[in-house]
Number of protein chains: 2
Amino acid sequence: MIKTKKEKNNERSAVYNLGSRTFDCPIELTSTAINGKWKLLIIYRLSLQHKLRFSQLKKEVKGVSEKMLIQHLKEMEKDGLVDRIVYPVVPPKVEYGLTEAGRSFIPVLDMMRNWGLSFIAVEATT
Amino acid sequence: MIKTKKEKNNERSAVYNLGSRTFDCPIELTSTAINGKWKLLIIYRLSLQHKLRFSQLKKEVKGVSEKMLIQHLKEMEKDGLVDRIVYPVVPPKVEYGLTEAGRSFIPVLDMMRNWGLSFIAVEATT
DNA sequence: CCGTATCCTTAGGGATACTG
DNA sequence: CAGTATCCCTAAGGATACGG
């Protein structure tokens with residue numbers, strides 16, 4: 001009763017959609033969604049502060065170039081994980097935030113972060 | 001009382017070690033650990049069956065080449081996530097399994113998988 | 001059976017400069 | 001401020017063939 005899709009006797013497996021892409025395997029979907037050197041860090045920053053301007057993100061995601069930042073943001077927008085809000089003012093003001101789907105990833109990211117935390121270096125007591 | 005490492009007044013941040021690499025940010029560690037087209041799928045397969053031979057992995061991780069499979073396995077072995085057991089028999093027999101650290105990733109992978117599952121395609125009722 | 005060894009291609013990403 | 005537009009370059013990954 002949990003499976004929501006075609007489980008006829010011929011048992012064709014389900015399909016998962018992210019933006020315009022289609023996946024057979026949910027792990028591959030997730031993997032693709034966060035594929036990109038800075039995406040996890042972007043999501044992390046957006047999870048800490050509900051909305052962030054382009055320039056703020058650039059500062060907080062240390063080391064990212066404008067090119068990669070905008071590129072990743074666009075992909076995540078296409079994938080429905082990130083919202084882009086344009087304020088028609090001058091000078092330009094644009095804010096980025098997580099969508100509902102994006103926010104639903106926060107617990108996953110938290111687990112990834114916690115898993116990383118368990119690799120903390122033990123300090124030699126010199 | 002939760003932080004386990006140097007929080008003197010000068011507040012130098014903690015450091016995280018994966019294999020021989022060092023990270024300042026736990027998310028970057030996790031991201032690096034699973035970085036590679038097939039790593040998550042390899043972990044997934046090894047989480048379903050405690051031990052798998054090279055040839056079995058090659059079959060179950062559909063599409064992976066021998067080159068990439070062995071390369072990823074070696075990296076994960078270096079990172080302490082995967083165990084490699086060699087049986088001195090002929091023909092050769094080698095089994096791979098998750099280490100303790102590797103198994104500790106299974107709940108994370110489960111969440112990633114579940115998050116992917118939520119993107120299931122809704123079928124048009126034609 | 002379990003890998004190595006090459007060769008090759010592409011896409012990801014860095015650096016820099018410019019624009020509405 | 002918030003991006004574009006180029007150029008460049010490396011490393012990730014595929015294909016194929018061979019070896020203990």
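Chain letters run A, B, ... following the sequence lines, proteins first and then strands; every chain starts at 1. These figures come from a predicted structure and were not determined experimentally.
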* Describe the nucleic acid contact of B:Y96 in one word from base, sugar-phosphate, nothing, applying a heavy-atom distance below 4.0 Å. =>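 Contact class for B:Y96: sugar-phosphate only.
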* NZ of B:K39 versus P of D:dA12: gap in Å, rounded? -> 9 Å
* Is it true that A:E95 and A:R53 make a salt bridge, defined as a side-chain N closer than 4.0 Å to a carboxylate O? ->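 Result for this pair is no, no salt bridge flagged.
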* Distance in angstrom units between A:L52 CG and D:dA2 P, rounded ->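 Rounded to whole Å, this separation is 11 Å.
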* Does a side-chain N or O from B:R53 land closer than 4.0 Å to OP1 or OP2 of C:dG3, or not? ->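 No, no such contact exists.
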* Parallel, tilted or perpendicular: rings of A:Y96 and A:F54 (30°, 60°) -> tilted
* Asked: Is a donor on one side and an acceptor on the other found under 3.5 Å between the side chain of B:S47 and the backbone of B:Y44?
  -> yes
* To do: Looking only at side-chain atoms of A:W38, point me to the closest of C:dG14, D:dC1, C:dT4.
  =>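 From the listed options, C:dG14 comes nearest.
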* Would you kindly give the CG-to-C1' distance between A:N35 and C:dA11, to the nearest whole Å? =>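 Value for this atom pair: 11 Å.
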* **Flag, side chain of B:R103 to backbone of B:L98, donor-acceptor distance under 3.5 Å** => yes
* **B:K78 NZ: over 12 foreign heavy atoms closer than 6.0 Å** =>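 Counting other residues, nucleotides and ligands, NZ of B:K78 stays at 12 neighbours or fewer.
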* Non-hydrogen atoms of B:G80 and B:T99 that approach each other most closely -> O-OG1, 2.6 Å
* Selection: residues 59-71 of chain A, any non-hydrogen atom under 4.0 Å of DNA chain C -> A:K67, A:M68
* **A:R21 and A:D79 ion-paired at < 4.0 Å** => yes
* Upstream residue (5' side of DNA chain C) when B:R84 and A:G36 are each assigned their closest nucleotide ->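 Closest to the 5' end, via its nearest nucleotide, is B:R84.
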* Atom NZ of B:K58 to atom C1' of C:dC1: distance rounded to whole Å? ->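 For the pair B:K58 NZ and C:dC1 C1', the rounded distance is 10 Å.
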* Asked: For the pair made of CG in B:L57 and P in C:dC1, what is the distance, rounded to whole Å?
  -> 14 Å
* Under 4.0 angstrom, heavy atoms only, what part of the nucleic acid is B:K93 near: base, sugar-phosphate, or nothing? -> sugar-phosphate
* Kindly say if A:K37 contacts the phosphate of D:dT10, meaning a side-chain N or O under 4.0 Å from OP1 or OP2. => no
* Asked: When you measure from the side chain of B:P92, which nucleotide among D:dG20, D:dT4, D:dC1 comes out closest?
  ->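 Side chain of B:P92 sits closest to D:dG20.
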* Hey, does the side chain of A:H72 come within less than 4.0 Å of C:dG13's phosphate (OP1/OP2), counting only N and O? -> yes
